[in-house]
Amino acid sequence: MTGLPVPVPDVCVRVKLNIGACGPYAHIVAHFEPPGPDGGLEVLNAVPKRGLPPEYLPALREGLLEGLDGVAAAVLLTDGTYHEVDSSELGYRIAGRQAGRAALIGAGLLPPEEADSLRWAFWPGRLRPWPGHRPSGRPSRRGQARDRSPWSNG
């Protein structure tokens, strides 16, 4: 099992999925460090219970394991919020998966292009998309005037 080679601080994930009137919600901020001598995944929670209830930690850990894809790391949870109605295990599993992938990109273990697939994750060094940015590389046709006269090809 390989370990995270460099620290990746301040990975922030805020999952807000609107399905009808509600949907999964989760918010975490985590610092990723190279693993300790035991290897594997070590998760330390420094967030008070009012910010991250303990019942969501197992789902968050599962998501981190999926996102890190076998890479060992020490993860310190430094901040988080939840919603009484919308927070769920699914939301925290998604947040953990996105945070793990973000840490791999931030550490250089995944190519930067993978960041386009992370909808809710941000970390220092991530290029934020500009307005109108399309990850597929295709230009947007929105707002372009077209000549509709009968003599044009458009």
Side-chain angles (χ1 to χ4, degrees), residues 1-20 22-140 142:
M1 176 182 287
T2 63
L4 197 67
V6 296
V8 181
D10 297 323
V11 174
C12 178
V13 180
R14 188 181 308 262
V15 176
K16 294 194 298 187
L17 201 100
N18 190 357
I19 303 171
C22 61
Y25 174 85
H27 170 233
I28 61 163
V29 178
H31 295 294
F32 287 79
E33 299 281 335
D38 296 336
L41 176 64
E42 183 179 359
V43 180
L44 302 170
N45 183 14
V47 183
K49 288 181 182 178
R50 70 179 181 277
L52 178 60
E55 61 262 22
Y56 296 125
L57 289 175
L60 180 61
R61 182 179 176 79
E62 287 177 31
L64 286 166
L65 284 169
E66 291 174 26
L68 288 169
D69 198 26
V71 175
V75 182
L76 174 63
L77 301 172
T78 59
D79 196 8
T81 58
Y82 82 105
H83 187 272
E84 287 184 18
V85 175
D86 293 337
S87 287
S88 65
E89 290 183 358
L90 174 62
Y92 282 95
R93 193 173 302 116
I94 292 170
R97 189 177 319 123
Q98 294 247 327
R101 303 305 283 176
L104 294 180
I105 295 167
L109 296 176
L110 287 177
E113 295 80 32
E114 289 283 324
D116 287 340
S117 68
L118 299 178
R119 178 176 176 183
W120 296 292
F122 296 95
W123 60 94
R126 178 178 184 180
L127 298 176
R128 293 187 184 242
W130 57 91
H133 171 71
R134 293 176 58 127
S136 64
R138 296 179 315 195
S140 173
R142 186 175 185 182

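Residues P35 and G40 approach most closely at CB-O, 4.1 Å, considering heavy atoms. Taking every heavy atom of both residues into account, P5 and L109 meet most closely at CD-CD1, 3.7 Å. In terms of heavy atoms, E33 sits closest to L4 at O-CD2, 3.8 Å. When all heavy atoms of F32 and G100 are compared, the closest pair comes out as CZ-N, 4.2 Å.
Taking the side chain as every heavy atom from C-beta outward, P34 and P7 approach each other to under 4.5 Å. In this structure the side chain of H31 never reaches within 4.5 angstrom of the side chain of V8, judged on heavy atoms.
Within the model, atoms CZ of R14 and CH2 of W120 stand 13.0 Å from one another, a figure rounded to the nearest 0.5 Å. We find the CD1-OG distance between I105 and S117 to be 6.0 Å, quoted to the nearest 0.5 Å. To the nearest 0.5 Å, atom CG of residue L110 and atom CG of residue L104 are 5.0 Å apart.
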Sequence neighbours left out, cut at 3.5 Å: what donor-acceptor pairs do the side chains of residues 71-83 make with other protein atoms?
residue	atom	partner	partner atom	Å
T78	OG1	V29	O	3.3
T81	OG1	Y25	OH	2.8
T81	OG1	H27	ND1	3.1
H83	ND1	V85	N	3.0
H83	ND1	D86	N	3.0

Side-chain donor-acceptor pairs under 3.5 Å in residues 43-66, sequence neighbours left out?
residue	atom	partner	partner atom	Å
N45	OD1	V47	N	2.9
Y56	OH	S87	O	3.3
R61	NH2	L41	O	3.3
E62	OE1	R93	NE	3.2
E66	OE1	R97	NE	2.8
E66	OE1	R97	NH2	3.2

- Task: Determine, step by step, whether V11 and I28 satisfy the side chain to side chain contact (heavy atoms under 4.5 Å, CB included) criterion, reporting the C-alpha distance in whole Å, the side-chain angles of both residues, the deciding distance to 0.1 Å, and the verdict.
- Result: CA-CA 8 Å; V11 174; I28 61 163; over 6 Å; no
- Message: Test side chain to side chain contact (heavy atoms under 4.5 Å, CB included) on V15 and Q98; report intermediate values, then the result.
- Response: CA-CA 9 Å; V15 176; Q98 294 247 327; 5.6 Å; no
- Would you check, one step at a time, whether the test side chain to side chain contact (heavy atoms under 4.5 Å, CB included) holds for L17 with R119? CA-CA 11 Å; L17 201 100; R119 178 176 176 183; 4.0 Å; yes
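For P112, the side-chain contact (heavy atoms from CB on, under 4.5 Å) criterion is met by no residue, not counting sequence neighbours.
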